[in-house]
Amino acid sequence: EAPADVGVPSVEPPREPAPRARERPMGLRTVLEALQMAERISQKSISGPYQMSTADDATVICFEFKMAHFTCKAYLANGAQEEVSQHLKLQTVFEDNRRSLGEEQRYYIANEWNATKRYTRLKCLAGGGGGRSSVFTLEYDILCPGDMTHSAGLSLLGQTMKMWYTSLVACVMHIVEPRDVPFATHQMLVSNTLAVIVRETDVCLQEQACPICLETFRVGEHVRRLPCMHTFHLGGLDADSEEQSCHCNVDKHLVRDKQCPVCKTPIDIMERLDRPSGKGQGAQDDAGNAESAAAAATAAAAP
């Protein structure tokens, strides 16, 4: 018997793919959805968007949210028409009420953070009450392309929020960490050194010479004696004295290095000797001060 004919299946022509719907660009909904999806952000704490006015009439939208126990803000600003970009800024504020820190030490804390961190930036603003309180502001800026899609923005902001929380915790630990500044503050100079004017009765002082300029001290000149008993010229205090302004000024050295130029003894050596060796009550006081500072560093929204 002859084999039956087997029908050859017909091949349909390939269909053209349906045009994909254009995904919406990154915007307010992207930021809001990213905040709602973040693990450590309570959805009840999210408020906004709030529209803010700027000097150049740019549109800035603000969201407020609470990440764990840190109160933060997110700013979204559209770039100029020729730039076609979006600027996103994350910001939180830490209030530091420690009275033992001077303004110079607070700026040193901020500069030390900025020198070691690549993305975030810490700023210090002196507070009221005679410098008794200050405000640290931590910021993180992101420049997004204008054509970034919603899904790409969600992915970017998701990773950013994880990094932001890590930076918040690390920044608080950095602020409250006990540290010894290498330079002399104004309070150190006032408390640990003696600035006097050479008098005619100071015979022994007139026989000494400044270790920097090697000139003997004269009557009427301003000098500063350090705890190590080394004495130096203190220039620039008497505007009416032309000779005084020509001398060296040891304060120019101390504001950079608090050690004596001769014997390298720190000018706060007496304060160090008064401190306990790190055990007992001294260590408890330091721990208590750090805990108090950490509690005081609860982030508040920027005004």
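None of the values given here were measured: they were computed from a predicted structure.
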Practice item. Could you walk me through whether F136 and L125 pass side chain to side chain contact (heavy atoms under 4.5 Å, CB included), step by step? Key: CA-CA 6 Å; F136 290 97; L125 300 176; over 6 Å; no
Point to revise | Criterion side chain to side chain contact (heavy atoms under 4.5 Å, CB included) on L88 and T160, from CA distance to verdict | key: CA-CA 11 Å; L88 179 65; T160 300; 5.9 Å; no
Exercise for review: In sequence, state the C-alpha distance, the side-chain angles, and the governing distance for I142 and L156, and then conclude on side chain to side chain contact (heavy atoms under 4.5 Å, CB included).
Suggested key: CA-CA 10 Å; I142 309 173; L156 173 64; 4.2 Å; yes
Point to revise | Pair C210-F217, side chain to side chain contact (heavy atoms under 4.5 Å, CB included): steps then yes or no | key: CA-CA 7 Å; C210 175; F217 301 115; 3.8 Å; yes
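Within 6.0 Å of CE on M163 lie more than 12 heavy atoms contributed by other residues, nucleotides or ligands. Under a cut-off of 6.0 angstrom, the local environment of NZ in K66 is sparse, with at most 12 non-hydrogen atoms contributed by other residues, nucleotides or ligands.
In this model, a donor atom of one side chain and an acceptor atom of the other lie less than 3.5 Å apart for E139 and Q91. Residues D141 and H87 have side chains that bring a donor and an acceptor to within less than 3.5 angstrom of each other.
Contact of the V60 side chain with the Q51 side chain is not registered, since no non-hydrogen atoms from C-beta on lie closer than 4.5 Å. You'll find the side chain of C263 reaches within 4.5 Å of the side chain of H230, heavy atoms only. Side-chain contact between Y75 and I61: absent, with no pair of heavy atoms (C-beta onward) separated by less than 4.5 Å.
The main-chain N or O of M26 is found under 3.5 Å from a side-chain atom of Q86 such that the two form a donor-acceptor pair. The closest donor-acceptor contact from the side chain of S45 to the backbone of I41 lies at 3.5 Å or more, if one exists at all. Within the 3.5 Å criterion, the main-chain N or O of K162 finds a donor-acceptor partner in the side chain of T166. Judged purely by atom type and a 3.5 angstrom limit, N249 has no side-chain atom pairing as donor or acceptor with the backbone of L234. A donor-acceptor contact shorter than 3.5 Å is absent between the side chain of D202 and the backbone of V198. When atom types are taken as modelled, the side chain of T231 and the backbone of R224 share no donor-acceptor pair closer than 3.5 angstrom.
Legend: residues meeting side chain to side chain contact (heavy atoms under 4.5 Å, CB included) with K117, ordered by chain and number and at least two apart, are W113, T120. Listed by chain and number, the residues in a side chain to side chain donor-acceptor pair (under 3.5 Å) with H174 are R179 (sequence neighbours excluded). By the side chain to side chain donor-acceptor pair (under 3.5 Å) test, S167 is found to be paired with no residue, residues two or more places apart in sequence or in another chain being considered. Applying the side chain to side chain donor-acceptor pair (under 3.5 Å) criterion to Q187, with sequence neighbours excluded, gives S191.
Rounding to the nearest 0.5 Å places CD of E221 at 15.0 Å from CZ of R199. To the nearest 0.5 Å, the span separating CE on M67 from CD on E39 amounts to 9.5 Å.
Across all their heavy atoms, T92 and T71 have their closest contact at OG1-O, 2.8 Å.
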What donor-acceptor contacts under 3.5 angstrom involve side-chain atoms of residues 252-262, with partners at least two apart or in another chain?
unit_1 : atom_1 : unit_2 : atom_2 : d
H253   : NE2    : Q259   : O      : 2.9
R256   : NH1    : K252   : O      : 2.6
D257   : OD1    : Q259   : N      : 3.1
K258   : NZ     : D180   : OD1    : 2.6
K258   : NZ     : D180   : OD2    : 3.4
K258   : NZ     : V181   : O      : 2.9
K258   : NZ     : D268   : OD2    : 3.0

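Residue pairs meeting the ring pair (Phe, Tyr, Trp, His ring centres under 6.0 Å) criterion with at least one partner in residues 181-207, sequence neighbours excluded, are Y108-F183.
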